[in-house]
A.B. asks: 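One structure coming up, written as structure tokens, with questions to follow.
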Amino acid sequence: MQGKVGLAKTRNIGLAAHIDAGKTTTTERILFYTGRVHRMGEVDDGDATMDWMPQESERGITITSAATTCRWREHRINIIDTPGHVDFTVEVERSMRVLDGLVLVVCAVGGVQAQTETVWRQADKYGVPRIVFVNKMDRVGSDFHEVLHQMRSALGADVVATQIPIGSGDKFEGIIDLVRMRSIRWTDELGVEMEYGPIPTDYESLASKFREYLIVSLAEIDSGIEKKFFAEQQPSEAEILKTLRKGTVGGGLVPVCCGSALKNRGIQPLLDNIVDFLPSPLDVPSIQGRDPKTGQTLLRAADPEAPFSALVFKVVTDAFVGQLSYTRVYSGYAKKGMTVYNSTAGARHRIGRLLRMHANHREEIEQAGPGDIVAIVGMDNASTGDTLCDPNKPIVLEKIAFPEPVITMAIEPRTAADEDKLDAALRVLAIEDPTFATRVNPETDQRVIAGMGELHLDIIKDRLLREFKVEANLGKPEVSYKETITAEAIGEGRFVRQTGGRGQYGHVVLRLSPAEPGSGLEFSNEIRRGVIPTEFIPAVEAGVKEAMQSGNIGGYPVVDVRVAVIDGSYHEVDSSEHAFRIAAYNAFRDAYEKAQPVLLEPIMAVEVVTPEDYMGEVVQDLTQRGADIQQMRATSGQTRTIDALVPLAGMFGYSTSLRNVTQGRGTYVMEPHTYWPCEKKKVY
């Protein structure tokens with residue numbers, strides 16, 4: 001049984017970064033130095049432990065988050081390695097929901113990039129304490145001090161260096177530990193042997209400045225260090241470590257260390273920082289939920305004796321064992337053979353097997369306690385975001401919110417024999433990935449899939465062929481447009497049927513007005529004098545939601561509308577929920593036509609990194625795609641970064657175009673930014 005001591009020495013952490021910052025390579029080194037693996041795999045060679053999918057090995061990118069466990073200084077570290085590509089941001093989102101701490105890997109050359117900012121916002125959203133590892137100090141153009149500046153200015157982060165590098169680029173020799181004021185160098189190629197020594201003479205002044213900034217930052221947190229600072233006394237190593245931990249766990253400070261994962265430098269001190277500064281399950285606030293019956297707020301502490309509660313944050317279909325439900329246990333214990341209650345779905349599940357995962361390798365265990373991240377076998381109907389709990393002490397934890405797909409493609413099986421297999425495979429993929437959706441177009445009877453980008457859907461197609469043995473043809477990508485209104489309008493709807501017996505009667509008057517972008521539907525009941533009984537209002541709202549599924553311009557979903565029920569009438573005998581639902585549907589349609597509806601198109605935030613020689617051609621190409629250039633800035637050396645907002649419709653095929661314009665030297669990332677009104681001619 002895992003008690004308080006075990007919990008205090010547990011770290012649930014994730015590694016996240018902008019694409020190509022070296023996150024998976026860093027994870028690989030962590031596994032090697034902790035003894036979890038005995039040979040370091042390489043991303044470029046396609047044999048990294050955490051990139052186990054064939055698609056990951058071939059493309060050299062992380063697509064799905066992978067979990068593993070290792071040990072360092074008698075601490076157990078549960079690690080989730082997350083993707084850096086924005087098409088797979090769902091993996092970061094759901095991982096962030098269950099993490100206690102985060103290691104943000106930042107490239108010493110690229111600095112703070114688009115996905116760095118996205119990950120930072122996700123960590124802020126879930127209140128995850130974090131530390132930073134500035135990687136690739138061996139690369140030409142690396143600049144540790146510029147990265148610190150960018151983190152303060154672009155992220156608003158209160159970063160504090162606990163190390164500074166000795167040299168950079170091909171002159172990167174090691175690091176200076178500012179806590180213990182010593183140098184650390186690695187004397188062998190594998191980075192196993194470390195040599196501790198005094199600070200080099202030419203770095204003494206710089207180290208003293210950074211050390212003073214560190215102490216000043218800690219003095220703002222701890223009064224004991226503050227007194228010593230004003231008395232010109234040096235705090236002890238134990239005091240510094242304790243206060244750094246206090247500041248990190250509280251979210252006020254972000255310790256920064258550095259190194260080169262590829263060259264096997266700086267990983268052991270990073271592991272020390274993970275253990276010393278990031279929180280254990282005991283350090284984070286009790287998980288909050290609600291009683292499914294009363295709605296009352298409930299808390300579950302990380303206590304083995306508390307009622308069992310856990311969150312399913314990921315669902316994967318395994319060819320050998322069936323559906324795996326990746327679960328974070330918050331309180332109590334899960335045991336093999338135990339029956340748990342899925343309070344989200346209102347169902348009971350029996351835990352068939354409990355597995356501790358090491359990427360795609362499975363280790364069977366008998367039980368899992370607070371702080372454990374495990375995969376459960378035997379819950380075929382569980383979905384991402386479901387709460388598992390003690391049947392006698394039910395609780396519903398906050399679900400995970402996911403972005404909506406922005407791109408669609410038609411998909412058809414190549415043969416009639418593949419039709420049923422395709423439908424079954426698409427259902428499985430939709431369960432696994434909340435940002436992937438599938439539907440049938442009612443007008444054309446054509447299957448349509450939707451996702452976060454071209455790469456996302458390309459991976460789906462590849463998985464259909466490899467995993468499910470289904471061959472399918474994909475159509476051209478299409479933009480997922482939406483509709484909204486720009487003016488206030490009032491609409492009236494009636495539904496009256498008389499068939500000899502009991503009839504149907506519903507009468508609703510709605511007021512529609514524009515709502516804030518991203519708000520979806522804001523529904524309110526302004527009925528006075530009971531002209532529509534309260535019990536029919538939910539049916540009115542249901543009718544409104546049904547009407548919003550398809551707008552009048554192009555049949556796209558309607559968003560960001562404020563709807564108020566302001567009048568209507570009912571019949572004591574003939575009125576029903578069905579009648580009011582249809583009346584509300586008609587009232588919405590009536591008002592929508594008068595409310596000056598417009599089409600909305602997804603706008604992407606695009607970051608292009610290019611050599612300075614190609615700046616003109618890149619900007620011209622973006623402008624032709626309808627881009628609104630936000631800024632152009634120097635990144636490092638002769639490299640420049642362009643930030644732009646571009647309609648998604650203009651970005652199809654951009655990777656090929658950028659490759660041609662920059663002779664293969666330019667790179668870009670994009671992520672959904674907002675929806676803007678567009679002209680109808682852009683669609684048809």
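Heads up: numbering here begins at 1 and tracks the sequence.
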A.B. asks: Looking at Arg511 and Glu526, does any basic side-chain N land under 4.0 Å from a carboxylate oxygen?
C.D. replies: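 The answer is yes: the pair qualifies as a salt bridge.
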A.B. asks: Side-chain contact, heavy-atom cut-off 4.5 Å: Leu512 with Phe588?
C.D. replies: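 A side-chain contact exists here, since the closest heavy-atom pair is under 4.5 Å.
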A.B. asks: Donor-acceptor check, side chain of Asp418 to backbone of Val470, threshold 3.5 angstrom: yes or no?
C.D. replies: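 Judged by distance alone, no pair lies under 3.5 Å.
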A.B. asks: For a quick test of reading the model, state the closest non-hydrogen atom pair linking Leu311 to Gly385 and the distance between them.
C.D. replies: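 Answer, listing the atom of Leu311 first, then Gly385: CD1-O, 3.6 Å.
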A.B. asks: When you look at Glu117 and His18, which way does the side-chain hydrogen bond (donor to acceptor under 3.5 Å, both in side chains) test go after all the steps?
C.D. replies: CA-CA 8 Å; Glu117 296 184 31; His18 182 89; over 6 Å; no
A.B. asks: Assess whether a salt bridge exists between Asp621 and Arg625, defined as any Lys/Arg side-chain N lying under 4.0 Å from an Asp/Glu carboxylate O.
C.D. replies: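 Salt bridge present between Asp621 and Arg625.
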A.B. asks: Check the pair Thr384, Phe313 against side-chain contact (heavy atoms from CB on, under 4.5 Å), reporting the backbone distance first and the verdict last.
C.D. replies: CA-CA 5 Å; Thr384 298; Phe313 67 93; 5.5 Å; no
A.B. asks: Please test His456 against Asp433 for side-chain hydrogen bond (donor to acceptor under 3.5 Å, both in side chains), starting from the C-alpha separation and ending with a verdict.
C.D. replies: CA-CA 11 Å; His456 186 192; Asp433 185 351; 2.7 Å; yes
A.B. asks: Verify salt bridge (Lys or Arg N to Asp or Glu O under 4.0 Å) between Lys461 and Glu471, making sure each step is shown before the conclusion.
C.D. replies: CA-CA 8 Å; Lys461 179 184 177 182; Glu471 294 198 14; over 6 Å; no
A.B. asks: Using distance alone, with no hydrogens and no angle criterion, decide if Asn381 and His349 have a side-chain donor and acceptor under 3.5 Å apart.
C.D. replies: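 No, because no side-chain N or O of Asn381 sits under 3.5 Å from a partner of the opposite role on His349.
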A.B. asks: Does the side-chain contact (heavy atoms from CB on, under 4.5 Å) test come out yes or no for Arg581 and Val540, once each step is laid out?
C.D. replies: CA-CA 5 Å; Arg581 182 174 58 81; Val540 173; over 6 Å; no
A.B. asks: Mind checking whether Tyr570 and Phe536 have parallel, tilted or perpendicular rings, split at 30° and 60°?
C.D. replies: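 Ring orientation of Tyr570 relative to Phe536: tilted.
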A.B. asks: Using a 3.5 Å distance criterion without hydrogens, assess whether the side chain of Glu601 forms a donor-acceptor pair with backbone atoms of Tyr481.
C.D. replies: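 Not at all, since once roles are kept as given, no pair shorter than 3.5 Å links the two residues.
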A.B. asks: Grab the two heavy atoms, one from Phe523 and one from Ile537, that are nearest each other, plus how far apart they are.
C.D. replies: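 It is CE2-CG2, 3.9 Å.
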A.B. asks: Compare every heavy atom of Ile80 with every heavy atom of Ser95, then report the nearest pair and how far apart it is.
C.D. replies: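 Minimum heavy-atom separation between Ser95 and Ile80: OG-CG2, 3.4 Å.
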A.B. asks: Charged N to carboxylate O below 4.0 Å: is that the case for Glu546 and Arg589?
C.D. replies: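 Salt bridge absent between Glu546 and Arg589.
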A.B. asks: If I take atom CD1 from residue Ile566 and atom OG from residue Ser524, how far apart are they, to the nearest 0.5 angstrom?
C.D. replies: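 Atom-to-atom, Ile566:CD1 and Ser524:OG are 10.0 Å apart.
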A.B. asks: Working note: Arg528 + Asp567, criterion salt bridge (Lys or Arg N to Asp or Glu O under 4.0 Å); need CA distance, chi angles, decisive distance, verdict.
C.D. replies: CA-CA 8 Å; Arg528 299 290 183 268; Asp567 203 358; over 6 Å; no
A.B. asks: I'd like to check Val606 versus Tyr668 (side-chain heavy atoms, cut-off strictly below 4.5 Å). Are they in contact?
C.D. replies: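 Counting from C-beta outward, Val606 and Tyr668 do come under 4.5 Å.
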A.B. asks: Distance from Leu388 atom CG to Ser325 atom OG, nearest 0.5 Å?
C.D. replies: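 Reported value, rounded in 0.5 Å steps: 7.5 Å.
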A.B. asks: For Pro405, does its backbone N or O pair with a side-chain atom of Thr435 as donor and acceptor, under 3.5 Å?
C.D. replies: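 Between the backbone of Pro405 and the side chain of Thr435 there is no qualifying donor-acceptor contact (under 3.5 Å).
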A.B. asks: Taking side chain as C-beta onward, heavy atoms only, is Ile411 less than 4.5 Å from Leu464?
C.D. replies: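 SC-SC contact between Ile411 and Leu464 confirmed.
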A.B. asks: Can you check whether Arg300 reaches Cys389 side chain to side chain, under 4.5 Å on heavy atoms?
C.D. replies: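 Sidechains of Cys389 and Arg300: no contact.
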A.B. asks: Less than 3.5 Å apart, any donor N or O on the side chain of Asn342 or Thr387 sitting next to an acceptor on the other?
C.D. replies: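 On atom types as modelled, these side chains do not qualify, holding no pair under 3.5 Å.
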A.B. asks: Determine whether Tyr675 and Asp560 make a side-chain contact, defined as any pair of heavy atoms from C-beta on separated by less than 4.5 Å.
C.D. replies: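 Of all side-chain heavy-atom pairs linking Asp560 with Tyr675, none is under 4.5 Å.
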A.B. asks: Test your reading of the model: is there a side-chain donor-acceptor pair from Gln323 to the backbone of Met379, 3.5 Å cut-off?
C.D. replies: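 Such a contact is found between Gln323 side chain and Met379 backbone.
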A.B. asks: Does a donor on one side chain and an acceptor on the other come within less than 3.5 Å for Tyr505 and Ser569?
C.D. replies: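 There is such a pair (donor and acceptor under 3.5 Å, judged by atom type) between the side chains of Tyr505 and Ser569.
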A.B. asks: Strictly by modelled atom types, are Gln122 and Asp124 linked by a side-chain donor-acceptor pair under 3.5 Å?
C.D. replies: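 There is no such pair (donor and acceptor under 3.5 Å, judged by atom type) between the side chains of Gln122 and Asp124.
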A.B. asks: Does Glu572 CD have over 12 foreign heavy atoms under 6.0 Å away?
C.D. replies: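 Not buried by this count: 12 neighbours or fewer within 6.0 Å.
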A.B. asks: Quick one about Asp574 and Gln504 (side-chain donor to acceptor, distance below 3.5 Å, no hydrogens or angles considered), yes or no?
C.D. replies: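 No, Asp574 and Gln504 have no side-chain donor paired with an acceptor closer than 3.5 Å.
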A.B. asks: With rounding to the nearest 0.5 Å, note down the distance linking CG in Asp643 to CD in Gln630.
C.D. replies: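 One finds 8.0 Å between CG of Asp643 and CD of Gln630.
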A.B. asks: More than 12 non-hydrogen atoms from neighbouring residues, nucleotides or ligands closer than 6.0 Å to CD on Glu516, yes or no?
C.D. replies: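 Count not over threshold, so no.
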A.B. asks: For Ala17, does its backbone N or O pair with a side-chain atom of Gln113 as donor and acceptor, under 3.5 Å?
C.D. replies: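 Pair absent, no side-chain N/O of Gln113 close to backbone of Ala17.
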A.B. asks: Decide yes or no on side-chain contact (heavy atoms from CB on, under 4.5 Å) for Tyr330 and Val98, but give the supporting numbers first.
C.D. replies: CA-CA 9 Å; Tyr330 285 101; Val98 298; 3.8 Å; yes
A.B. asks: Which distance, rounded to the nearest 0.5 Å, do you find between the CZ of Arg290 and the OG of Ser343?
C.D. replies: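 So the gap between those two atoms works out to 8.0 Å.
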A.B. asks: For side-chain contact (heavy atoms from CB on, under 4.5 Å), just list the numbers for Val565 and Val509, CA-CA rounded to whole Å, side-chain angles, deciding distance to a tenth of an Å, and then say yes or no.
C.D. replies: CA-CA 6 Å; Val565 191; Val509 180; over 6 Å; no
A.B. asks: Short question: side chain of Thr486, backbone of Gln596 - any donor-acceptor pair under 3.5 Å?
C.D. replies: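 Yes; judged by distance alone, with no hydrogens or angles, the pair exists.
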A.B. asks: To check you understand the geometry: which heavy-atom pair defines the closest contact between Pro413 and Arg447, and what is its length?
C.D. replies: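 The answer is CD-NH1, 3.8 Å.
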A.B. asks: Do Leu426 and Ile449 have side-chain heavy atoms sitting under 4.5 Å apart?
C.D. replies: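 Yes. Closest side-chain heavy atoms under 4.5 Å.
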A.B. asks: Less than 4.5 Å apart, side chain to side chain, heavy atoms only: is that true for Val119 and Leu102?
C.D. replies: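 Yes, at least one pair of side-chain atoms sits under 4.5 Å.
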A.B. asks: So do the side chains of Ile642 and Ile629 get within less than 4.5 Å of each other, counting heavy atoms only?
C.D. replies: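 Contact flag for Ile642/Ile629 side chains = yes.
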A.B. asks: Do you see a donor-acceptor pair shorter than 3.5 Å between the side chains of Glu432 and Thr317?
C.D. replies: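 There is such a pair (donor and acceptor under 3.5 Å, judged by atom type) between the side chains of Glu432 and Thr317.
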A.B. asks: Please check if atom NZ in Lys393 has more than 12 non-hydrogen atoms from other residues, nucleotides or ligands closer than 6.0 Å.
C.D. replies: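 No, not enclosed.
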A.B. asks: Please report the interatomic distance OG1(Thr438) to CG(Asp423), rounded to the nearest 0.5 Å.
C.D. replies: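 If I round to the nearest 0.5 Å, the distance is 7.5 Å.
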A.B. asks: Looking at every heavy atom in both Ile553 and Leu599, which two are closest together, and how far apart are they?
C.D. replies: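 Looks like CD1-N, 3.6 Å.
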A.B. asks: I need the minimum non-hydrogen distance between Asp590 and Gly491, along with the two atoms involved.
C.D. replies: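 Asp590 and Gly491 have their closest heavy atoms at OD2-CA, 3.2 Å.
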A.B. asks: Is it true that Asn586 and Arg494 share a donor-acceptor pair across their side chains at a distance under 3.5 Å?
C.D. replies: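 No, no side-chain donor-acceptor contact under 3.5 Å.
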